[in-house]
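Taking it in order: structure first as structure tokens, then the write-up.
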Amino acid sequence: MSPATNDEQRPTTASGYWYPEHEVPTSVDVLNQLRRYRTAESSMRARTRSSMGMGETDLLALRLLLQAHRTGELMRQRDLGTALGLASPSVTALVDRLVRSGHVRRDAHPDDRRATVVVPTTDTDDEVRATLGAMHQRMIDVVDGLDDDERRTVASFFERMVEAVEQVDVHEPPTEAPIRTA
């Protein structure tokens with residue numbers, strides 16, 4: 001028997017980046033592409049946080065506040081804390097930080113004298129649009145390039161992936177071996 005050549009020693013499974021054996025990507029290839037997207041998105045978020053000088057939670061809070069503001073929804077500090085899963089002292093520190101940086105302000109609640117609402121400043125909306133606007137437009141262009149069937153397929157795929165990831169698997173705790181005494 002002759003020694004194996006380098007080609008014969010190579011694995012026959014797809015690497016996730018090329019599809020030499022398949023006309024279409026395999027499930028592993030698709031999951032690898034999803035991982036690449038998540039890595040790229042994570043890098044983009046890090047660049048955004050860095051350019052805006054804030055942390056992940058600050059950026060998430062701004063996103064929620066800008067969304068609420070665009071829809072006319074009033075967001076109290078406790079609403080923001082609930083949405084972010086933060087305890088009262090943590091959300092207070094977060095809002096204080098965003099007020100000091102000029103990204104938000106506290107306004108009197110129009111219907112409840114005792115409450116305040118957290119509102120993003122106009123400068124914050126402009127900054128977010130300047131920082132993320134071109135990237136968001138490129139993403140919209142990609143989706144707009146899909147036909148109706150492709151968009152339905154992609155939307156269904158992501159919906160089912162969310163369900164798969166959010167499902168909590170219940171495992172029985174390992175049983176301990178009985179302790180032997182002599």
Side-chain angles (χ1 to χ4, degrees), residues 30-31 33-170:
V30 171
L31 291 176
Q33 286 300 101
L34 185 58
R35 285 184 192 98
R36 284 187 63 207
Y37 171 79
R38 287 186 2 230
T39 299
E41 184 182 37
S42 179
S43 295
M44 175 275 301
R45 289 186 186 282
R47 289 189 310 272
T48 301
R49 287 191 311 270
S50 177
S51 73
M52 293 181 73
M54 57 182 51
E56 179 74 19
T57 304
D58 299 35
L59 200 57
L60 290 172
L62 281 183
R63 189 182 93 214
L64 290 170
L65 290 166
L66 287 166
Q67 286 173 342
H69 187 69
R70 285 187 189 113
T71 62
E73 178 186 346
L74 298 176
M75 187 160 290
R76 294 171 293 188
Q77 192 165 296
R78 74 174 177 218
D79 301 328
L80 184 60
T82 300
L84 294 171
L86 297 176
S88 182
S90 297
V91 77
T92 298
L94 167 68
V95 172
D96 287 347
R97 208 169 41 247
L98 292 173
V99 166
R100 278 193 308 276
S101 68
H103 288 100
V104 303
R105 66 179 189 274
R106 288 181 174 103
D107 288 347
H109 193 288
D111 301 324
D112 184 351
R113 299 184 315 188
R114 299 166 299 159
T116 60
V117 292
V118 183
V119 181
T121 63
T122 303
D123 289 344
T124 296
D125 194 30
D126 293 343
E127 182 180 6
V128 169
R129 287 178 190 273
T131 304
L132 300 175
M135 187 264 316
H136 281 161
Q137 187 58 54
R138 288 190 305 272
M139 293 173 73
I140 288 169
D141 291 346
V142 169
V143 176
D144 285 348
L146 302 173
D147 65 33
D148 291 347
D149 288 337
E150 290 171 323
R151 276 195 302 276
R152 274 192 284 277
T153 299
V154 170
S156 174
F157 167 75
F158 280 117
E159 185 176 321
R160 289 181 288 150
M161 288 301 287
V162 167
E163 290 170 4
V165 170
E166 286 182 340
Q167 183 175 341
V168 177
D169 295 325
V170 179

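Quick note: numbers below take in every heavy atom, side chains included, and nothing from hydrogens, waters or symmetry partners. For clarity, every value in this text was computed on a predicted model and none was experimentally measured.
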_Nearest atoms (heavy-atom pairs only) where L64 meets A83_ = CD1-CB, 3.7 Å
_How long is the straight-line distance from CG of L62 back to OG1 of T48, given to the nearest 0.5 Å?_
11.5 Å
*asked:* Using the rule given for side-chain contact (heavy atoms from CB on, under 4.5 Å), can you reason through H103 versus L65, listing the C-alpha separation, both sets of side-chain angles and the distance that settles it, and then say yes or no?
replied: CA-CA 10 Å; H103 288 100; L65 290 166; over 6 Å; no
_Nearest atoms (heavy-atom pairs only) where G102 meets T124_ = O-OG1, 3.8 Å
_Gap separating the CD atom of Q33 from the CZ atom of R36, nearest 0.5 angstrom_ = 5.0 Å
_In the structure I gave you, are the side-chain heavy atoms of H109 and T116 within less than 4.5 Å of one another anywhere?_
no
Tabulate below the donor-acceptor pairs under 3.5 Å that side-chain atoms of residues 137-147 make, not counting sequence neighbours, or state none.
| unit_1 | atom_1 | unit_2 | atom_2 | d |
| --- | --- | --- | --- | --- |
| Q137 | NE2 | D141 | OD1 | 2.8 |
| D147 | OD1 | D149 | N | 3.0 |
| D147 | OD1 | E150 | N | 2.7 |

Using distance only, find each side-chain donor-acceptor pair of residues 85-97 under 3.5 Å and give its atom names and separation, not counting sequence neighbours.
| unit_1 | atom_1 | unit_2 | atom_2 | d |
| --- | --- | --- | --- | --- |
| T92 | OG1 | Q77 | NE2 | 2.9 |
| T92 | OG1 | S88 | O | 3.0 |
| D96 | OD1 | R106 | NH1 | 3.1 |
| D96 | OD1 | R106 | NH2 | 2.7 |
| R97 | NE | D58 | OD2 | 3.0 |
| R97 | NH2 | D58 | OD1 | 2.9 |

*asked:* Within the supplied structure, the quantity of interest is the number of heavy atoms (other residues, nucleotides, ligands) at a distance under 6.0 Å from R78 CZ; does it exceed 12?
replied: no
*Gap between atom CE of M161 and atom OG of S156 - 0.5 Å precision*: 11.5 Å
_Looking at every non-hydrogen atom in both residues, tell me the closest pair between L84 and A61 and how far apart they are._
CD1-CB, 3.7 Å
*Which salt bridge (charged side-chain N to carboxylate O under 4.0 Å, His left out) pairs, counting each pair once, include a residue from residues 63-75, with sequence neighbours left out?*
R70-D125
*Side-chain donor or acceptor of T39 paired with backbone N/O of R35 under 3.5 Å*: yes
*Reported CZ-to-OG1 distance for the pair R76 and T82, which is rounded to 0.5 angstrom*: 9.0 Å
